Amino acid sequence: MQIESANALKKLPPYLFVEIDKAKRQARAEGKDLIDLGIGDPDTPTPKHIIESLYKAAKDPANHRYALDAGMPAFKNEIALWHKKRFKVTLDAQAEILPLLGSKEGLAHTPFAFLNKSDVALVPDPAYPAYRNATILAGGTPYFMPLFENNAFLPDLKKIPASVLKKTKLMFLNYPNNPTGAVAPKRFLQEVVKFAQKNKIIICFDMAYSEMCYDNYSAPSIFEISGAKEVAVEYHSLSKTYNMTGWRLGWVCGNKDIVAPIAKFKSNMDSGVFQAVQVAGITALKTKKEFLEKMCKMYEERRDILVSGLEKLGWSIKTPKATFYLWTKIPHKMNSMALCSMIMEKAGIVATPGVGFGKFGEGYVRFALTQDKKRIKEAVKRLSFL
Ligand SMILES: *Cc1c(COP(=O)(O)O)cnc(C)c1O
């Protein structure tokens with residue numbers, strides 16, 4: 001029998017990291033010492049107190065059964081408290097907050113909750129691939145908003161044609177931004193909220209890197225902008241903040257009429273987050289701020305080593321105020337895929353080609369600061385052949 005996947009799956013653009021992955025596996029098999037600055041996955045472990053909390057909660061049989069689809073009230077209360085403390089934003093814990101199996105799950109289910117055939121979702125380019133792919137899988141059409149360096153990697157909303165806006169229902173935005181490391185000033189967020197109100201567009205604001213900020217910068221929530229609650233939801237994640245990528249825990253919050261359809265769709269796809277993990281999530285959100293200060297300091301030091309090292313090699317780099325990525329323009333006449341293949345082969349360094357995040361990512365490469373200082377220094381040394 002000839003097996004045929006669904007057309008929507010076939011429509012997904014090819015996975016561009018195949019070559020890099022293959023080369024990586026081969027280099028490892030040959031025993032090559034690779035320095036992997038490719039993946040955005042923290043290299044340090046989940047803090048002990050969070051693991052202890054899971055361990056205790058896992059022993060309680062009350063947590064072994066199906067979780068409530070809508071999430072544990074106690075976890076939602078803790079999330080509301082966190083938003084209040086962190087952003088001075090008030091959320092109704094029960095109606096305006098929905099726990100997720102990681103924020104990717106919620107981001108990817110959102111187009112299914114809102115898009116009808118031929119509806120458009122505005123998607124940044126370059127970007128985290130889930131926005132585009134989920135839009136396509138849901139039968140919608142992505143419209144790409146290029147993020148250019150000369151506009152501080154913010155989309156130019158005035159450039160989106162009226163004919164597109166007529167069909168647009170969703171807009172994805174992500175600040176602090178993966179892959180560019182860019183941040184969104186409040187005046188841009190104000191412009192976004194006005195734009196969404198005027199054009200009746202739901203804003204999906206991805207804040208996976210909200211706590212990974214440097215140089216006294218603090219990333220704003222979209223709900224700090226007046227009127228945002230009318231049009232927006234915000235996605236949060238414990239993955240990068242508390243080194244919990246494998247745990248799968250996040251939440252979406254904001255307008256209850258946007259949260260409710262996501263909850264409805266989701267309740268037909270999964271049965272909620274393991275309650276012991278939600279209990280550990282409560283513990284995570286109560287973590288003393290010293291943990292985050294230390295973590296940010298660690299990434300900041302790594303960032304400074306890599307920035308100054310690459311600058312000495314003639315790369316021009318804008319030091320990012322947030323995220324654990326360096327998004328750098330390739331100073332050579334070479335596309336991003338070729339550059340990444342070359343540095344892997346010649347220096348054993350894994351980086352991510354910009355084109356993997358969309359066509360406007362071509363000409364750039366992303367380094368993730370997910371190796372310790374010693375390894376990053378070694379990476380700089382090995383790159384000196386460039
Ligand atoms: C890592 C990441 C996420 C996903 O986080 P999970 O909560 O682990 O699903 C979402 N958005 C961006 C931009 C990311 O880089």
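Each ligand, and each atom within it, is numbered from 1 in the order the structure gives. A quick note: this is a predicted structure, and the numbers were derived from the prediction, not measured. Just so you know, residue 1 is the first one in the sequence shown, and it goes up from there.
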When only distance counts, is Asn178 in polar contact with ligand 1, meaning an N/O pair under 3.5 Å?
yes
Evaluate the side chain to side chain donor-acceptor pair (under 3.5 Å) criterion for residues Thr46 and Asn243: first the C-alpha distance (whole Å), next the side-chain angles of each, then the deciding distance (0.1 Å), finally the verdict.
CA-CA 5 Å; Thr46 308; Asn243 305 332; over 6 Å; no
Per-atom filter on ligand 1: closer than 4.0 angstrom to a heavy atom of Arg248 are 6 (P), 8 (O), 9 (O)
Tell me, yes or no, whether the heavy-atom count around Tyr66 atom OH, taken from other residues, nucleotides or ligands under 6.0 Å, exceeds 12.
no
Would you check, one step at a time, whether the test side chain to side chain donor-acceptor pair (under 3.5 Å) holds for Tyr209 with Tyr175?
CA-CA 7 Å; Tyr209 297 91; Tyr175 293 99; over 6 Å; no
Less than 4.0 Å is my threshold; does some heavy atom of Glu105 fall inside it relative to ligand 1?
no
Is it the case that over 12 heavy atoms from other parts of the model lie below 6.0 angstrom from the NZ atom of Lys256?
no
Mind running side-chain contact (heavy atoms from CB on, under 4.5 Å) on Ile50 and Trp247 for me, showing each step along the way?
CA-CA 11 Å; Ile50 301 173; Trp247 295 56; 3.9 Å; yes
Short list, please: which atoms of ligand 1 are under 4.0 Å from a heavy atom of Gly102?
7 (O), 9 (O)
Lys/Arg cation over aromatic Phe291: Lys289, 6.0 Å, 45° cone:
no
What are the atoms of ligand 1, with element, lying closer than 4.0 Å to any heavy atom of Asn174?
13 (C)
So which residues get pulled into Val183's cluster when ILVMFWY side chains under 4.5 Å apart are joined, directly or through others?
Tyr217
Just let me know how Tyr209 lines up against ligand 1, side chain, backbone, both or neither, with a heavy-atom cut-off below 4.0 Å.
side chain
shortest atom 5 (O) of ligand 1-to-protein heavy-atom contact is with Ser103 OG, 3.3 Å
Report, in ascending order of atom number, the atoms of ligand 1 lying under 4.0 Å from any heavy atom of Lys240.
1 (C), 2 (C), 3 (C), 14 (C), 15 (O)
Going by the order shown, which atoms of ligand 1 are within less than 4.0 Å of some heavy atom of Ser239?
6 (P), 7 (O), 8 (O)
The closest protein heavy-atom partner of atom 12 (C) of ligand 1 is Asp206 OD2, 3.4 Å
Which atoms from ligand 1 have a heavy atom of Lys104 less than 4.0 Å away?
6 (P), 9 (O)
Worked verdict on Ile203 versus Phe195 for side-chain contact (heavy atoms from CB on, under 4.5 Å):
CA-CA 10 Å; Ile203 306 168; Phe195 173 84; over 6 Å; no
